[in-house]
Each structure stands twice: as structure tokens, then as C-alpha cells.
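Only this structure's heavy atoms are used, side chains among them; waters, hydrogens and symmetry mates stay out. Residue numbers run from 1 in the order of the sequence given. Quantities reported herein were computed from a predicted structural model and do not represent experimental measurements.
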Amino acid sequence: MRRFEPETRAEALQALFLYFLLYSVIGWIYEVFLEVVVYRWGYADRGVLLGPYCPVYGVGALTFLLCFGWLLKKQGGPLFRWVLRPLALFVGCMVVATAIELATSYILEALTGSWPWQTYVDYGINFQGRIALSPSIRFGLGGLLFLLVLQPLFERLVGAMSPKFRLGAFRVLAVLFVLDIAATVVLSLR
């Protein structure tokens with residue numbers, strides 16, 4: 001299976017949307033796993049939309065790709081490949097994801113009156129309970145997982161799709177996603 005290299009803007013948009021959804025679903029699974037298995041709080045839908053996805057993970061992963069894609073393609077010796085690149089990606093992902101979480105908390109609070117995840121007030125190093133060092137470190141590690149392990153797999157998956165199938169999947173999933181957003185907004189206004 002080859003890695004997907006889009007030839008047109010339309011193909012790039014299709015691939016980015018599919019990556020966005022894949023990462024959003026993985027984020028939702030991760031959040032539910034933490035709630036049920038790690039913290040043993042029981043099941044709670046961790047998404048802000050009706051479907052099983054957390055769009056903030058999709059936004060974060062795409063932001064990582066846009067910010068650090070050049071670094072993934074850069075060639076170098078063993079020191080660069082095994083130490084410098086992973087370290088730069090870890091720190092970069094940690095900073096970018098923390099900034100996204102902070103901005104998202106302010107945006108959601110302005111729109112809905114609160115942000116839908118736990119506060120970090122009980123964490124040793126936190127800012128207004130919105131962000132904290134421990135989750136930021138996990139974001140850096142998650143970014144490494146996304147960029148170095150999952151993204152190459154997703155590129156192969158998208159590359160294995162015929163152009164016609166990829167376009168069809170994009171259209172169907174985009175319509176479902178927009179309908180989910182509309183339904184979520186309508187239900188929140190009641």
C-alpha cells in the first residue's frame with residue numbers, strides 16, 4: 001500500500017477531512033477509555049456533538065500536520081531521526097495542543113457557558129483549571145503517536161482507496177457530519 005500524495009486541492013481536502021474524522025473518533029475512544037477503564041467513572045459521552053467523535057482531536061491532529069509536516073519529511077541522520085525530530089515533535093505538539101485546549105475552553109465557555117471537560121484545578125501545575133502540565137505532556141506523547149505511527153497508516157489507508165471511493169466516502173461523511181452539527185445546534189437551543 002502506498003502513502004497518499006494528493007495531486008489536486010480537492011484530493012488534499014478529501015484526505016484532510018478523512019484524517020480529521022479518523023482522529024476525532026480515536027479521540028472519542030480515548031476519552032471514553034479514560035472515563036470507563038482508567039478513572040472508573042462510568043460511561044459518559046465525551047463528545048460535544050451527537051456522533052462518536054471529539055472534533056478537538058481532529059483539529060489538533062490536523063494542526064500538528066500543518067505545523068510539523070515539514071519536519072516529518074525532512075531527512076537526516078540517526079541522531080535527527082531518533083532523537084532530535086521526536087524531541088522537537090513532542091515539545092511542539094505539547095505546546096500546540098495545550099494552546100488549542102486553552103482557546104477551545106474560552107470559545108466553548110463563551111458559546112455555551114462552560115467547557116465540556118473536567119477542570120484541572122486539582123492538578124499540581126494548572127492555569128485557571130483550563131490547562132495543566134500533566135495533560136500537556138500526554139498531548140505531546142499523543143502527538144508523537146499521531147504523527148509517527150497513525151498518520152503513516154492513515155496515509156496508506158487513504159492511498160488504498162480508489163479516487164471514486166475516496167470522493168464518495170468524503171461526500172457521505174461530510175454530509176453526516178454537517179447534519180450532526182445542525183442537529184446538535186437545534187437540540188441545544190431547546
Using the rule given for side chain to side chain contact (heavy atoms under 4.5 Å, CB included), can you reason through Leu18 versus Met161, listing the C-alpha separation, both sets of side-chain angles and the distance that settles it, and then say yes or no?
CA-CA 12 Å; Leu18 294 173; Met161 295 177 183; 4.2 Å; yes
Leu49 reachable from Val178 in the ILVMFWY side-chain graph, under 4.5 Å edges
no
Side-chain contact test, heavy atoms from C-beta onward, threshold under 4.5 Å: evaluate it for Trp41 versus Leu34 and give yes or no.
no
Distance (rounded to the nearest 0.5 Å) between Phe170 CZ and Leu16 CG:
10.0 Å
Shortest non-hydrogen contact from Val158 toward Ala15:
CG1-CB, 4.2 Å
Closest contact, heavy atoms only, Ala97 versus Phe139:
CB-CB, 3.5 Å
Working note: Phe146 + Leu141, criterion side chain to side chain contact (heavy atoms under 4.5 Å, CB included); need CA distance, chi angles, decisive distance, verdict.
CA-CA 9 Å; Phe146 282 0; Leu141 294 171; over 6 Å; no
Hey, does Leu13 have a side-chain heavy atom less than 4.5 Å from the side chain of Thr8?
no
For Tyr123, what residues pass the ring-ring contact (aromatic ring centres under 6.0 Å, His included) criterion, not counting sequence neighbours?
Tyr120
Whether Asn126 side chain and Ile131 backbone form a donor-acceptor pair below 3.5 Å
no
Please examine the side chains of Leu66 and Thr63, heavy atoms only from C-beta on, and report whether any two atoms are closer than 4.5 Å.
no
From Leu133 atom CG to Phe127 atom CZ, the distance as rounded to the nearest 0.5 Å:
14.5 Å
Does some side-chain heavy atom of Gln14 sit less than 4.5 Å from a side-chain heavy atom of Leu167?
yes
Transitively linked via ILVMFWY side-chain contacts under 4.5 Å: Val83 with Leu71?
yes
Using the ring centroid of each side chain, check whether Tyr23 and Tyr53 are separated by less than 6.0 Å.
no
Other residues, nucleotides and ligands only: do more than 12 of their heavy atoms fall within 6.0 Å of CG on Leu187?
yes
How close do Gly51 and Asp180 get, heavy atom to heavy atom, and via which atoms?
N-OD2, 2.7 Å
Under 4.5 Å between side-chain heavy atoms, hopping through other hydrophobics if needed: is there a path connecting Val175 to Val185?
no
When rounded to the nearest 0.5 angstrom, what distance separates CG in Leu21 from CG in Leu176?
9.5 Å
So Tyr106 and Arg130, side chain to side chain contact (heavy atoms under 4.5 Å, CB included) or not? Walk me through it.
CA-CA 9 Å; Tyr106 285 120; Arg130 296 172 186 271; 3.4 Å; yes
Answer yes or no: is there a side-chain heavy-atom contact under 4.5 Å between Arg138 and Tyr30?
yes
Which pairs count as side chain to side chain donor-acceptor pair (under 3.5 Å) when at least one residue sits in residues 72-98, sequence neighbours excluded?
Thr98-Ser136
Considering non-hydrogen atoms only, spot the tightest contact between Cys67 and Val96 and give its length.
SG-CG2, 4.4 Å
Do Leu179 and Val186 sit in the same hydrophobic cluster, where Ile, Leu, Val, Met, Phe, Trp and Tyr count as joined when their side-chain heavy atoms come under 4.5 Å apart?
no
Inter-residue atom distance Thr184.OG1 - Leu189.CG, 0.5 Å rounding
10.5 Å
Determine whether Tyr19 and Glu155 satisfy the following criterion, side chain to side chain donor-acceptor pair (under 3.5 Å), listing intermediate values before the conclusion.
CA-CA 8 Å; Tyr19 300 152; Glu155 287 174 7; 4.8 Å; no
So do the side chains of Cys93 and Leu144 get within less than 4.5 Å of each other, counting heavy atoms only?
no
If we only count heavy atoms from C-beta on, is the Leu157 to Leu22 side-chain gap below 4.5 Å?
yes
If you take the centroid of each ring, where Trp contributes its six-membered ring, are Phe20 and Phe177 closer together than 6.0 Å?
yes
Work out which heavy atom in Pro55 is nearest to a heavy atom in Ser24; give both atom names and the distance.
CA-OG, 3.5 Å
Cationic N near anionic O, under 4.0 Å, Arg166 to Glu11:
yes
Are Val149 and Ile29 in one and the same hydrophobic cluster, where Ile, Leu, Val, Met, Phe, Trp and Tyr link if side-chain heavy atoms are under 4.5 Å apart?
yes
Can you confirm whether Ile137 sits close enough to Met94 that some side-chain heavy atom of one is under 4.5 Å from a side-chain heavy atom of the other?
yes
Closest contact, heavy atoms only, Leu50 versus Ala183:
CD1-CB, 3.7 Å
Rounded to the nearest 0.5 Å, the CG atom of Leu72 sits from the CG atom of Leu147 at a distance of 5.0 Å
